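Heads up: the structure comes next, in structure tokens.
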Amino acid sequence: MNAKQELWAPVIRAKDTIPRIMFDVVLALIPCWLAGIIFFGFRAFWIVLLSAVTAVLAEALFMRYPLRLRSVFGDGSSLVTGLIVGLILPPTVPWWIPVVGSVVAVAIGKLVFGGLGNNIFNPALVGRAVLLLAFTAPMVKYVRPFDAVTEATPLLTMRSFDWALIWGNVSGSIGETSVIAILIGAAYLLYRRIIDWRIPVGYVITAFAAAYVWDLDPWVAVTAGGLLFAAVYMATDMVTSPVNPMGRLLFGCGCGLLTIMLRKYTSFPEGVTFAILTMNALVPLLDMLTVPVIFGAERSREQRFATTAAVALVIILAWGVLFAINKTVPEGVPVTAEGVYLPLVETLGTDVYETATINDKVYYFTGSREAPEKVAVVGAEQGYHGPIYFYLVLDGSGRIEHLQILTHSDDPGLGSLITRRSFLDQFIGLDTAELAMDVDIQGITGATISSRAVIRGVTGELERFQEAFYGGEEADAGAGYADGVYTAEASGFGGPVKVEVTIDQGKILAVAVLSHRETPGISDEAIRLMPQRITAANSPDVDLVSGATLTSRAISEAVKKALAQATRTEENGANAKEPAVDISSIPDGVYRGTGTGFGGTIVVDVTVSGGKITAIDIVEHADTQFIAQAAFSQMIPAMIEQQTIAVDVRASATLSSKGLLEAVEAALTGKEAK
Amino acid sequence: MIVKGFLSTNQIRDCEKGCVKLLVKSFPRGGGHIPPRKDATKNKPIMVMPAPKLAVIALSQHAGAPCKPLVQVGDRVKLGQKIGDAEPYISAPVHASVSGQVVEIAEKTLLDGTKALCVVIENDGLDETEEQAAQDYSRLPPSQIAGLIREAGIVGLGGAGFPTHVKTEPRKPVDTVLINGAECEPYLTCDHRLMIEQPQKLIEGLKILMQAVGAGQGIIGVELNKPDAIRVLEQVCAEQSYIRVVGLKVKYPQGAEKQLIKAALGREVPSGGLPADVGCIVQNVQTAVAVADAVVRGVGLYQRVITVAGAAVYDPRNVLVRVGTPIQEVIDYCGGMANPAAIVAGGPMTGKLIQDLTAPVTKPLSGILVLSKDEVDYELNLPCIRCARCVDHCPMGLQPNYLADWSSKGLYDQAKRNHIMDCIECGLCSYVCPAKRGLCRSIQAGKQAVRAGKTAV
């Protein structure tokens with residue numbers, strides 16, 4: 001920083017210097033840093049510190065500053081860049097992300113342009129853009145504050161405004177979550193006259209209006225996704241924003257408009273990064289178009305059109321950018337047949353997920369096939385004009401976590417209202433048992449058919465999900481079916497296929513195809529092989545016979561329905577059948593009884609004393625140990641406390657539970673086990 | 001106590017009770033606050049400095065054609081005698097500031113470092129003058145007033161040095177004479193003291209000027225950091241209904257002509273135009289006082305009040321000096337100096353650095369600043385960070401960062417198209433720049449190039 005010192009009029013100057021300005025910005029960033037540390041722990045502290053140190057050292061090395069404490073900071077701008085790069089990272093990133101980001105920000109974002117004052121693009125955003133595109137996965141891995149549970153950002157999870165967004169108790173990048181912290185910093189920067197109010201105010205107001213127009217919750221749009229942080233600290237970067245007041249206002253408005261448009265129509269959930277980078281490119285043009293009318297001059301004809309031209313330019317460019325981005329979808333990313341991007345990483349919370357085709361449907365899930373944690377699927381249902389494609393995310397038990405409409409062909413203002421968050425949000429938290437139109441889900445007036453289509457579609461997907469992963473009603477691991485013979489039918493290729501399923505000892509003993517109208521020759525193999533496979537696997541979910549898919553599927557579906565009957569009757573029957581037993585009339589003593597569990601008989605000893613059950617001991621049982629044990633430890637204390645046999649059975653251990661009840665009843669009534 | 005409000009007859013009566021109510025105005029665009037640094041001299045009455053032993057009268061102390069000498073070496077001259085004149089309209093004669101003998105007519109170094117022809121008179125100490133009777137100017141026609149003003153060699157004493165008689169003969173009708181009592185530059189207090197000490201002469205001069213241009217109202221604009229001057233002037237003005245005092249918000253450059261007119265009258269001088277285009281003329285306080293002396297007493301302009309200030313001078317004060325006094329002598333009169341970092345002629349914002357201390361005082365000089373190292377800030381020319389403080393503060397609404405950039409790159413055409421010629425060279429852009437760039441300097445160079453007809457390097 002060797003500057004030639006010369007003396008010329010004016011010989012006095014204001015006290016502010018560039019390092020002083022940079023230092024003020026650093027001060028203004030501290031509340032955000034602190035908020036990040038509070039919410040995300042010391043990891044957040046280290047990431048930002050590492051990022052800042054790397055940026056300072058990178059610039060010092062590239063610019064060949066002497067590596068002494070005084071001069072390594074240079075004019076202080078690298079420190080600001082480094083802090084911002086760190087603050088806009090998720091708290092989970094590995095150490096090399098802030099390092100790479102800072103080096104890129106300083107070297108490519110600033111130095112190659114000629115150093116401070118010559119760069120076109122915001123250096124911190126250049127760093128972030130490179131990280132986002134090159135290392136997407138770690139860059140979208142967000143966690144909840146305090147317990148660090150993976151959670152997508154509020155833009156995807158929050159349907160309507162929540163005060164947590166103001167305090168910052170939401171997932172997000174380190175410094176971006178707390179509106180309060182950002183406003184404190186903004187107040188300081190405005191007081192010190194470092195930022196022009198026009199940029200953040202224009203940004204926020206335009207974003208608010210645009211969000212409202214495009215049917216996103218405007219309060220969430222403005223307080224989530226780092227918009228406020230960008231509006232205060234990044235869009236206002238002096239070097240990359242216009243110098244004229246009107247230019248700055250338009251710049252802020254353009255950023256706000258682009259941010260919302262990018263969020264709505266592209267895969268970037270936050271939209272901020274590329275919105276600001278695009279507007280940065282417009283700055284020289286904005287400067288030219290917004291030259292103020294000088295003192296004593298009339299507004300020239302060019303100037304009269306210039307502002308209009310500038311506004312038109314921003315809007316045209318926004319559409320152009322949108323068009324370009326929408327056409328390019330990142331490679332290797334799941335898309336539907338219509339080319340729509342699926343936000344799998346954001347909604348599943350990780351980029352490590354399984355893909356499986358079950359029953360001709362592609363499921364994306366985390367966890368295992370047997371015990372999925374989150375499942376995402378694309379469904380379609382005929383709407384009013386054409387198919388409605390929707391994207392559904394369920395948790396392991398089939399509860400809806402996320403629903404969004406991908407594409408549809410229904411009318412704007414009518415059917416297209418199904419894309420409204422107010423409609424879709426109703427689905428959140430529901431599972432199959434609860435969906436019924438206008439009872440659980442309020443349809444949209446004037447869009448009945450479209451609403452119904454969505455409900456139907458979602459219900460269908462839920463059922464298919466249950467079948468795909470759990471083979472029908474939630475069956476216990478290792479639980480069997482009720483003995484008996486059941487018939488059911490399902491649609492095959494040429495007509496209904498009727499099957500008979502025999503259950504013995506809780507397992508499928510035999511499957512027989514009673515009648516069908518399938519094509520002879522083609523369907524023979526399926527009719528022969530499917531029952532065998534199903535019996536052998538004790539489950540209808542077996543590989544279909546190739547060349548006779550529809551017939552195989554029909555057989556499988558029919559067996560499923562039959563099994564559903566088996567489990568259902570069992571379920572309903574069991575609890576209703578329990579006769580009341582008058583325990584107080586039983587004389588003291590120890591009584592033995594037996595019942596039938598899953599794997600064999602259960603033998604219990606029931607101790608009665610003073611007209612009350614005082615103890616129930618398991619003498620022997622043949623069931624799966626941990627499952628039966630769960631049932632016993634839940635039900636035995638319940639029976640003793642409530643002094644009745646009519647206690648709840650243990651879910652997922654139905655047969656063991658019922659076997660226990662049978663045995664205790666038998667002991668108390670003196671009946672022999674069945 | 002000064003309160004915002006509207007001046008009415010009731011309020012004028014209140015003036016006499018000691019409570020002053022003023023119209024407070026300002027110019028809307030740009031401008032900035034600069035610490036005034038006037039405490040050292042604002043309460044010091046004007047002291048009369050004794051005449052120098054050798055008076056070096058420059059033959060060009062004004063904007064316009066330089067004078068030719070009317071005397072020769074060896075001639076005896078009287079105090080106030082005309083010793084140089086020029087033919088062109090835009091010029092003003094120069095007068096002897098001492099009585100004595102002309103010892104030399106030669107090129108001497110002036111304040112800005114250039115050399116020009118000067119008449120050197122050796123002071124005989126007698127201060128002999130030509131007797132003049134007091135004139136009643138109220139019956140004089142305007143052209144004669146203008147002639148008297150010219151004969152007295154009066155030029156704009158605010159620093160521009162424009163021949164005053166030209167201003168009193170405007171080509172367009174004028175309804176207001178505006179006296180510039182803003183004195184917005186730091187350190188300078190000469191106009192301030194003059195307003196306090198000679199208000200009657202000021203009003204008299206104002207009235208003469210009003211008569212010369214046929215104006216119906218006279219306004220004295222004073223910045224609010226001079227409450228004592230405002231109070232004094234208000235009382236003197238109370239007698240006239242057509243002369244009043246307007247309070248001006250303390251904002252640099254309130255004393256710039258265009259900004260003053262905008263603030264006091266609400267009129268905007270068009271780009272490339274003159275105050276007469278909006279029906280007014282502006283004169284400095286000292287110029288008005290000199291006009292009174294010239295027209296009423298026929299006294300030629302040979303002395304003026306300046307402020308000598310700065311931390312490096314021992315005795316800062318307001319001094320009435322004779323034109324032609326060498327700067328060194330003035331500083332010595334004020335106690336001498338110690339380790340100055342810079343010596344500036346005029347104000348710190350627009351003044352020029354004095355290279356040669358033997359240079360003589362000229363009519364447009366308003367102050368001598370002897371500044372220490374702590375008071376002075378150097379130009380560092382760090383990279384422009386586009387903070388736009390210069391754009392925000394420019395009173396003319398220009399973009400100094402771009403203009404300076406284009407000027408230094410030789411893109412004069414571009415600069416001209418972007419109104420570089422509208423720059424009033426107030427220096428505020430350089431003042432506020434955190435990168436300490438020489439913006440005003442580059443723009444001045446650019447303007448010179450444009451004036452010289454250059455288009456591009």
Side-chain angles (χ1 to χ4, degrees), chain A residues 1-22 24 74-77 110 113-120 193-196 198-199 236-248 283-284 287-288 290-298 300 302, chain B residues 27 29-30 32 34-35 37 186 258-259 262 268-273 341-342 344 346-353 369 371 375-392 395-399 401-402 418-419 422 427-428 430-436 438 440-441:
Chain A
M1 263 216 314
N2 301 319
K4 232 176 56 169
Q5 285 193 355
E6 279 191 60
L7 202 53
W8 194 267
V11 296
I12 55 174
R13 285 171 188 259
K15 281 194 304 209
D16 255 354
T17 59
I18 294 179
R20 175 71 225 214
I21 293 176
M22 297 298 158
D24 275 337
D75 50 29
S77 57
K110 192 168 89 179
F113 284 99
L116 183 65
N118 294 311
N119 48 299
I120 303 179
R193 311 260 182 115
I194 292 183
I195 63 174
D196 187 344
R198 294 175 180 89
I199 295 182
T236 53
D237 173 44
M238 304 161 169
V239 179
T240 52
S241 56
V243 297
N244 303 316
M246 178 55 98
R248 291 184 157 155
V283 162
D287 264 347
M288 240 173 68
T290 56
V291 174
V293 180
I294 65 162
F295 183 100
E298 293 287 312
S300 71
E302 291 127 12
Chain B
F27 58 95
R29 192 183 218 167
I34 300 181
R37 305 191 193 185
K258 295 186 179 179
Q259 275 61 42
K262 177 75 179 178
E268 219 171 87
V269 175
S271 166
V344 178
M349 297 294 289
T350 56
K352 305 284 188 290
L353 290 162
L369 302 181
L371 300 170
E375 291 178 301
V376 154
D377 290 305
Y378 291 88
E379 207 180 86
L380 294 177
N381 280 307
L382 295 172
C384 169
I385 60 171
R386 300 172 50 89
C387 68
R389 284 172 192 209
C390 53
V391 177
D392 290 336
M396 298 302 285
L398 305 171
Q399 296 164 300
N401 60 330
Y402 285 131
N418 284 276
H419 309 285
D422 281 280
L428 198 51
S430 294
Y431 180 82
V432 294
C433 178
K436 315 295 175 198
C440 190
R441 181 183 187 180

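Every chain is numbered from 1, with letters handed out A, B, ... down the list of sequences. The structure displayed is predicted, hence computed values, not measured ones.
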**Study point:** Residues forming a side-chain hydrogen bond (donor to acceptor under 3.5 Å, both in side chains) with A:D196, sequence neighbours excluded
**Key:** A:R198, A:R248
Practice item. Give, as side chain, backbone, both or neither, the part of B:R29 having an atom under 4.5 angstrom from any heavy atom of chain A. Key: side chain
Review point. Heavy-atom distance under 4.5 Å to chain A: side chain of B:F27, backbone, both or neither?
Key: neither
Review point. So which of B:A388, B:G397, B:P434 has the biggest tally of heavy-atom pairs under 4.5 Å with chain A?
Key: B:P434
Check your understanding: Do B:N381 and B:E379 meet the criterion of a side-chain donor-acceptor pair at a distance under 3.5 Å?
Key -> yes
Exercise for review: State, yes or no, whether a side-chain contact exists between A:T290 and A:P242 at a heavy-atom distance under 4.5 Å.
Suggested key: no
Review point. Relative to chain A, which segment of B:L353 carries a heavy atom at a distance below 4.5 Å: side chain, backbone, both, or neither?
Key: side chain
Exercise for review: Under 4.5 Å heavy-atom distance to chain A, tell me which part of B:C387 shows up: side chain, backbone, both or neither.
Suggested key: both
Point to revise | Structural part of B:K262 lying under 4.5 Å from a heavy atom of chain A | key: side chain
Point to revise | Which atoms of A:I21 approach chain B - backbone, side chain, both or neither, heavy atom under 4.5 Å | key: side chain
Review point. Checking heavy atoms, do the side chain of B:L369, its backbone, both or neither come under 4.5 Å from chain A?
Key: neither
Check your understanding: So which of B:A435, B:S430, B:C390 has the largest heavy-atom pair count under 4.5 angstrom toward chain A?
Key -> B:S430
Study note, to complete from the structure: When the 4.5 angstrom heavy-atom criterion is applied to B:P395 and chain A, the contacting part is backbone
Review point. Does A:D24 have any side-chain hydrogen bond (donor to acceptor under 3.5 Å, both in side chains) partners at least two apart in sequence or in another chain, and if so, which?
Key: A:R20, A:Y188, A:R192
Practice item. Sort A:S77 into side chain, backbone, both or neither according to what part of it lies under 4.5 angstrom from a heavy atom of chain B. Key: neither
Review point. Are A:V11 and B:L371 side-chain neighbours, meaning at least one heavy-atom pair lies under 4.5 Å?
Key: yes
**Study point:** Heavy-atom side-chain proximity of B:P186 to B:M349 below 4.5 angstrom
**Key:** yes
Review point. Given a strict heavy-atom distance threshold of 4.5 Å, which part of B:K436 is in contact with chain A: side chain, backbone, both, or neither?
Key: both
Exercise for review: Among the options B:R37, B:K352, B:R389, B:E375, pick out the one with the most heavy-atom pairs lying under 4.5 Å from chain A.
Suggested key: B:R389
Review point. So what's closer than 4.5 Å to chain A heavy atoms on B:V376: side chain, backbone, both or neither?
Key: both
**Study point:** Salt bridge present between A:R193 and B:D392 (N-O < 4.0 angstrom)
**Key:** no
Exercise for review: Against chain A, label B:L428 side chain, backbone, both or neither, depending on which of its atoms sit under 4.5 Å from a heavy atom there.
Suggested key: neither
Point to revise | Point-to-point distance, once rounded to the nearest 0.5 Å, from CD1 of A:I18 to CG of B:L382 | key: 5.0 Å
Revision key, fill the gap. dist B:L398:CG -> B:N418:CG (nearest 0.5 Å) comes out at 9.0 Å
Check your understanding: Counting N and O atoms only, with roles assigned by atom type, does the side chain of A:N244 sit under 3.5 Å from a partner on the main chain of A:P292, one being a donor and the other an acceptor?
Key -> no
